[in-house]
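Fair warning: this is a prediction, and the values are worked out from it, not measured in the lab. Per chain, numbering begins at 1; letters A, B, ... match sequence-line order.
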Number of protein chains: 4
Amino acid sequence: MCRWMGWLGQPVLMDELLFKPQHGIVDQSLHSRMGAETTNGDGFGVGWYGAGEGPGVYHSVAPAWGDANLRELAAHIESPLFLAHVRAAIGSPIQQTNCHPFRHDGWLCVHNGYIADFHLLRRDVMLAIAPDQFADVHGSTDTEVVFHLALTFGLESDPIGALEQTVGLIEATAREHGVAAPVQGTFGVSDGTCLWAVRYATEGPARSLFASADVDTVTRLHPDNPRLQRFSEGDRLIVSEPFADLPGAWHEIPEATAVCARRGGALEERPFRPRVDAPASVA
Amino acid sequence: MCRWMGWLGQPVLMDELLFKPQHGIVDQSLHSRMGAETTNGDGFGVGWYGAGEGPGVYHSVAPAWGDANLRELAAHIESPLFLAHVRAAIGSPIQQTNCHPFRHDGWLCVHNGYIADFHLLRRDVMLAIAPDQFADVHGSTDTEVVFHLALTFGLESDPIGALEQTVGLIEATAREHGVAAPVQGTFGVSDGTCLWAVRYATEGPARSLFASADVDTVTRLHPDNPRLQRFSEGDRLIVSEPFADLPGAWHEIPEATAVCARRGGALEERPFRPRVDAPASVA
Amino acid sequence: MCRWMGWLGQPVLMDELLFKPQHGIVDQSLHSRMGAETTNGDGFGVGWYGAGEGPGVYHSVAPAWGDANLRELAAHIESPLFLAHVRAAIGSPIQQTNCHPFRHDGWLCVHNGYIADFHLLRRDVMLAIAPDQFADVHGSTDTEVVFHLALTFGLESDPIGALEQTVGLIEATAREHGVAAPVQGTFGVSDGTCLWAVRYATEGPARSLFASADVDTVTRLHPDNPRLQRFSEGDRLIVSEPFADLPGAWHEIPEATAVCARRGGALEERPFRPRVDAPASVA
Amino acid sequence: MCRWMGWLGQPVLMDELLFKPQHGIVDQSLHSRMGAETTNGDGFGVGWYGAGEGPGVYHSVAPAWGDANLRELAAHIESPLFLAHVRAAIGSPIQQTNCHPFRHDGWLCVHNGYIADFHLLRRDVMLAIAPDQFADVHGSTDTEVVFHLALTFGLESDPIGALEQTVGLIEATAREHGVAAPVQGTFGVSDGTCLWAVRYATEGPARSLFASADVDTVTRLHPDNPRLQRFSEGDRLIVSEPFADLPGAWHEIPEATAVCARRGGALEERPFRPRVDAPASVA
């Protein structure tokens with residue numbers, strides 16, 4: 001049910017992190033070890049900040065492991081902040097508008113997990129999207145709706161707070177419809193300066209999520225890995241699933257937790273607490 | 001802005017009507033003469049009744065003229081009733097879920113034209129779809145919403161009446177939003193026994209629509225066309241744009257008119273009058 | 001490295017054998033158990049005899065498990081003889097012209113396996129193709145070259161003999177280039193009346209290949225399987241990998257063996273012996 | 001039969017030249033004015049020099065006008081030298097390996113035109129490719145064969161000389177097969193430092209080809225075009241067809257002529273004279 005990764009650090013060619021690591025995200029498209037499914041072959045996407053205005057996105061319905069264009073782009077686009085996502089569809093069509101990252105203005109959003117019985121909830125949660133943004137939902141995934149709800153709730157000024165309200169609204173809507181355990185997953189969002197990530201499930205264990213340790217720890221653990229020697233202070237990875245060639249270099253993000261990775265290396269962590277604020281004002 | 005055709009008659013290999021006529025629908029994908037655009041290269045679809053349960057559909061994001069699979073399928077699938085559609089996208093993404101024909105249970109629907117300023121109206125008209133069908137809208141076209149509105153209004157028992165209510169609702173919604181001339185186009189729907197078609201525009205001339213004349217007339221006009229000699233009584237074509245090799249064999253469907261082609265050759269014609277019935281019951 | 005299946009029997013909707021069996025070929029695209037790879041997600045194809053002239057083919061670069069059109073076609077095309085193939089690419093591009101089955105006139109061909117170091121041998125073996133067929137090779141797979149070699153060697157009059165000469169030529173060419181163990185795999189070919197299959201490896205164990213037992217045995221083994229009760233005498237399946245819901249109903253085809261399934265249920269078996277005939281005449 | 005453009009100059013976001021000019025190359029994919037066909041919708045490609053090693057390429061089977069990814073990439077990739085190509089297929093399949101630019105090591109190659117009766121000549125001209133490069137031909141276009149012939153003849157040390165030998169060999173092969181007027185078109189090649197282009201037809205007028213005038217002339221002609229005011233000395237465009245918003249700013253490259261655009265603004269022009277050198281050494 002999808003895997004994703006985010007990079008915040010020095011500018012790198014994207015293939016340094018997409019293709020070159022053992023068990024990087026592209027390998028996870030074919031052989032995920034910790035995901036709900038082994039195969040994440042129902043399309044993929046990358047979104048990056050770099051040249052041009054705002055983030056660029058590349059979405060493909062092909063499996064990441066076999067897309068010739070992805071190899072090309074990864075080897076020729078350099079970015080100091082990017083998100084990549086490989087998809088295992090669970091019902092919704094395999095089409096570019098269902099590929100993550102989703103974008104709105106300068107923001108990107110990825111998700112691993114699901115809204116349970118989304119077809120039962122879709123109408124009600126879409127009605128909570130700001131009416132003038134309703135027509136911006138082009139695909140049919142739960143994630144795109146989550147993203148537009150979060151934008152409605154103020155993602156651009158308080159990303160984690162907006163996601164807390166979004167999840168709260170979905171949980172409240174699910175209760176009305178008798179849907180149990182509605183929210184499962186991890187979310188990643190960015191505005192090009194920071195990388196926010198959330199790990200949360202209404203019930204039971206949430207999907208896996210890890211942040212790379214600080215660079216000193218990583219390079220001390222792996223003195224012989226030449227790729228790592230190029231890492232510098234402030235480089236940070238957030239991943240659904242660790243890269244195989246960096247054992248020990250990962251910090252598991254706890255359940256019901258949000259993190260924010262900032263330029264310079266800071267990784268802030270706080271509880272993630274869904275809430276319902278003044279529902280009348282958004283319905 | 002799209003071209004479409006429907007066939008109701010003896011079972012034929014689909015390529016008899018898709019590829020073999022001069023200026024058939026596939027040729028119209030590259031060189032439309034009467035359409036709003038010359039090129040209808042933003043995907044296509046066919047829906048046919050034949051073997052198996054209900055209609056089959058084949059949707060592709062490739063231009064019809066260049067899709068190798070379409071040639072194969074057309075040359076190897078036989079059907080007594082099918083609809084084909086070539087698309088010129090006007091804003092919504094090029095993806096299979098935006099390709100016509102749309103299907104619901106045993107019904108197919110195609111459309112040539114547009115809902116003006118659909119992004120302004122989308123939310124309100126989607127709210128008029130029966131709530132339990134809301135999540136069945138997988139793509140982002142106006143047509144898919146029109147189809148689900150018509151299903152909500154009883155398409156399966158009274159196709160033309162349901163389309164009249166659908167158009168009425170859209171026109172009423174447009175008035176509320178200050179959108180002028182909201183509905184433009186031709187619609188084709190079928191349940192596998194009959195073929196209904198509508199030509200209508202809120203204002204100004206509607207997109208072109210033609211029905212083939214009865215078979216006697218057609219064969220008398222073209223005694224040397226071997227393909228026509230195979231036509232039999234009761235065969236009927238409805239097309240956005242006549243095939244070039246059959247001049248004189250077409251009957252232009254008047255503005256604001258609905259037709260119903262039935263097995264055996266009958267072609268019924270009646271006025272198409274959008275109306276708003278008891279809006280409270282559907283909102 | 002690919003999985004395939006062939007059906008020869010009563011006309012059936014293709015999804016009876018593609019989608020409905022437990023661990024049928026579409027399931028094998030995602031979860032192969034006996035193949036060299038678990039995932040066969042690099043495109044697929046079906047070729048069928050039925051309506052229209054000669055076989056139809058449908059090729060797609062999408063994984064079989066996620067292709068919406070395949071579900072449609074399988075549920076609406078009926079055929080008494082068809083071949084399906086799911087691909088795991090090993091170097092050559094993922095494109096429709098590299099998808100099996102390959103077709104020439106009324107013949108279809110599928111392959112599971114490889115020609116070792118094909119890039120070293122490609123030029124020399126392509127020169128052995130009849131010059132007037134050279135330009136018919138549109139893709140870049142080893143299989144398409146094998147098929148055109150077999151056509152050159154008289155596939156249409158003696159399928160197994162032609163494949164023996166083809167494999168013999170490839171092995172001789174490999175020896176000249178110092179390539180060991182050049183041929184590995186199973187081949188399936190049909191002209192619409194019979195289904196020929198070969199299991200062979202120059203060295204070591206060949207890829208798996210099975211034929212269904214005669215219908216009496218199958219139905220006696222599985223008296224409660226309703227799908228099987230519809231089978232009739234003369235129905236025959238040849239598969240890379242057995243369907244899970246029919247244990248015991250399969251006959252493993254021995255190494256270095258060719259079989260021919262004929263209408264009526266006969267399954268002939270003979271040794272497969274590569275040979276080089278009069279090389280001067282074809283080189 | 002295709003349109004292409006090349007840019008050599010200051011680094012620009014590719015959309016400055018792909019999408020923003022009136023009647024730029026993307027517009028030419030839908031509405032070519034000087035090409036053999038109006039529609040060039042059978043795939044496209046861009047190849048650019050910039051970040052990463054060697055040129056990157058992006059190939060798509062979708063029409064350029066409708067490819068969402070192309071808009072993204074063009075708006076977020078900056079390059080001082082790139083080639084773009086929109087394709088009208090004439091027989092060979094629509095697949096990424098048939099999309100231009102073709103790449104070998106650091107070289108890119110595009111072509112507008114055709115080799116007449118290529119299916120008759122393909123075998124013989126492919127035999128003239130250096131045997132160890134034969135297996136690098138992955139698609140089925142004439143252009144890819146031309147490119148590998150030119151590499152065989154020394155493209156990397158003398159691009160125009162190698163193309164003269166390539167065309168000479170094709171013309172000689174055509175004579176043997178009784179094929180008249182075999183070579184038609186324009187070629188563009190680059191190694192990332194210079195941009196070479198050729199306009200040539202064995203008989204009759206060759207496809208159109210233009211180079212932009214020097215920057216002073218262009219800006220003097222169009223003092224009110226803000227995009228042009230950003231041009232600087234040494235910027236150079238070579239195009240199949242002029243951009244509409246720059247009338248007068250183009251120099252038509254004569255028939256049977258090769259040009260080389262170099263950094264700094266030099267545009268060298270010389271006759272293009274196909275020749276056959278020591279055929280024995282390459283056959």
A.B. asks: Non-hydrogen atoms of chain D under 4.5 Å away: do they reach the side chain of Pro93(C), the backbone, both or neither?
C.D. replies: side chain

A.B. asks: Over all heavy atoms of both residues, which pair between His138(C) and Gln95(D) is shortest? Give the atoms and the distance, please.
C.D. replies: O-NE2, 3.8 Å

A.B. asks: Can you confirm whether Phe134(D) sits close enough to Met126(C) that some side-chain heavy atom of one is under 4.5 Å from a side-chain heavy atom of the other?
C.D. replies: yes

A.B. asks: Which pairs, with at least one residue in residues 42-56 of chain C and sequence neighbours excluded, count as a side-chain hydrogen bond (donor to acceptor under 3.5 Å, both in side chains)?
C.D. replies: Trp65(A)-Asp42(C)

A.B. asks: Going by heavy atoms in the side chains, are Arg123(D) and Leu127(C) under 4.5 Å from each other?
C.D. replies: yes

A.B. asks: Got a second to check how far Gln96(C)'s CD is from Ile94(D)'s CD1, nearest 0.5 Å?
C.D. replies: 9.5 Å

A.B. asks: Tell me whether the count of non-hydrogen atoms from other residues, nucleotides or ligands lying under 6.0 Å of CZ in Arg71(C) goes above 12.
C.D. replies: no

A.B. asks: Where do Arg122(D) and Ala135(C) come nearest, in terms of heavy atoms and distance?
C.D. replies: NH1-O, 3.4 Å

A.B. asks: Tell me, please, which residues at least two apart from Arg175(D) pass side-chain hydrogen bond (donor to acceptor under 3.5 Å, both in side chains).
C.D. replies: none

